[in-house]
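Sequence lines set the chain letters: A, B, ... in the order given, protein chains first and strands last, and positions in each chain run from 1.
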Amino acid sequence: MDRRRFEKLSDNAWRVAPFGAMRVPAVIYASEDLLEEMDDKVFDQTTNVAMLPGIVEASYAMPDAHWGYGFPIGGVAAFDPQAGGVVSAGGVGFDISCGVRTHLTSLTREEVLSVQEELADALYALVPVGVGAEGEVVLDRAAMDAMLTGGARWALEQGFGNAKDLLGIEEGGCIEGAEPAAVSERAKERQRREMGTLGSGNHYLEVQEVKHIFDPATAAAYGLERGKCVLTIHCGSRGLGHQIGTEFLREMAVSAQSFGISLPDRELACAPINSELGQRYLGAMRAAINCALANREIVGHIAREVFARFFGKSELPLMFDVSHNTCKLETHRIGGKDRALFVHRKGATRALGPGSASLPEPFRQYGQPVLIGGSMGAGSYVLAGVEQSEDRAFSSACHGAGRRLSRHAATRAWSGRQIVDELRAKGIVVRSPSMRGVAEEAPGAYKDVGAVVDCAEAAGLARKVAYLAPLICIKG
DNA sequence: ATGTCC
């Protein structure tokens, strides 16, 4: 994008003053290099979101923003129901509550390397992965509704995971207000056999080494120790979330006119929060959030069983589990006044600062762990929420590196086999059912995750705590 | 992201 289209607020923040039907400004957090690299579509989409009814303060984009469906991926926007605010299915995305969780291990890099290939084989054999992957858990009608209401708490009752896990999951593992009745039979049917599965695309399970610590005190509070390994899982609500997104997008697009909403882009289909459709979507979306939380809890359980085979009994305590595709009711201080807002984060991570009451005690004073998934070769980062993030984008940060090339362009540039071999030469073992998927997810198809997190830190969205280097990657 | 088009 041409930086001259923006007013420079700082080295890492760029503003577009309202023009046309924009109700608020658009603000993109990016370094000059990242901004130049972004697609013009990010400008169009971020400014389009600023036209939606009831939007508060500004339409934001994170440093990893790229072209998405309606909203940019890496978009953050908050709406006030008292001011005609809307909820948008495209503002959450198709993979509702897609997110990342990281488990701690007491294993050293050497211990993992001594069984690297075998451990990769076992994880790949036992964690269902790929398009249409099905698991051992099959839900009947009653179990489906209990799962959609109970989230990770339900998974725990079924014998998956440890009770302590709930403390480390957003919302304590279960979001209130889920309405299984608002979820179609078709969405439920698609999910019936998909619990405890990874899925495809950018989803993965990785064993990573804590390679570098930037903030020793916070790392210690999070349980991260240099040279030790962690297990990170990135997946979402599978077929259920996708089906809910598809159905509500269609319904919202059809109904927009009846609500008197004129859409700058049909993909921005939305409904007033205070409408039957808006409430029904929120109930279904929260059910999908619980589905994703339960899904990750079960995948974590399977991984723990695999680790127990190799290394004996170990707890693999959960460090944190955080979603990056959600719309959540939160209280934010706007102009000195607390307001209840519906915050859409699409490819953006909640990043609560120190002292937030909803953070678990062990690390409340350090701020929320913000888990940033990099690409296969580039590694990942753990960040921490900072106080000033509240004034930047409702306490939000980036969620990953962000794509540089489209999936199609990536498959033209690389073969999956070539990528697997190159990563093996670097000491990273990859297992995947889809070599095309690996090519689409090639490290070169993503921006430099280091530059993205440096920018997030410089912009005051979050601060760097640790860098994680992959040793094993199970890829969807 | 996705039973990669009901």
Give the rounded distance in Å between these two atoms: [atom1] of [X] and [atom2] of [N].
| X | N | atom1 | atom2 | answer |
| --- | --- | --- | --- | --- |
| A:I73 | B:dT2 | CD1 | C1' | 13 Å |
| A:Y69 | B:dT2 | OH | C1' | 14 Å |
| A:E189 | B:dT2 | CD | C1' | 16 Å |

Query raised in the report: Mapping A:E440 and A:R403 onto DNA chain B by nearest heavy atom, which one lands closer to the 5' end?
Result: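 Nearest-nucleotide comparison on DNA chain B picks A:R403.
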
Report task. Report the residue (A:G201 or A:R250) whose heavy-atom-nearest nucleotide on DNA chain B is the more 5′ of the two. Result ->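 Here A:G201 is the residue nearer the 5' end.
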
Report task. Output yes when A:R193 and A:E136 qualify as a salt bridge under the 4.0 Å nitrogen-oxygen rule, no when they do not. Result ->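 Salt bridge between A:R193 and A:E136, a charged N being under 4.0 Å from a carboxylate O: no.
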
Query - Carboxylate-amine/guanidinium contact A:E297 A:R153, below 4.0 Å - result: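 Looking at A:R153 together with A:E297, the answer is no, because their closest N to O distance does not fall below 4.0 Å.
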
Report task. Would you check if there is a donor-acceptor pair between the side chains of A:T411 and A:E440 at a distance under 3.5 Å? Result ->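 Their side chains do not contain a donor-acceptor pair, so the 3.5 Å distance test is not met.
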
Query - Closest to side chain of A:V131, choosing from B:dC6, B:dT2, B:dT4 - result: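 Nearest listed nucleotide: B:dT4.
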
Query raised in the report: Picking from B:dC6, B:dT4, B:dT2, which would you name as closest to the side chain of A:R186?
Result: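 Selected nucleotide (nearest to the side chain): B:dC6.
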
Quick one: label [X] by what it contacts on the DNA or RNA (base, sugar-phosphate, nothing), any heavy atom closer than 4.0 Å.
| X | result |
| --- | --- |
| A:S200 | base |
| A:R192 | nothing |
| A:R407 | sugar-phosphate |
| A:G199 | sugar-phosphate |
| A:E194 | sugar-phosphate |

Query raised in the report: Given the side-chain rings of A:H399 and A:H234, with only the six-membered ring counted for Trp, is the space between their centroids under 6.0 Å?
Result: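 Not under 6.0 Å, so no.
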
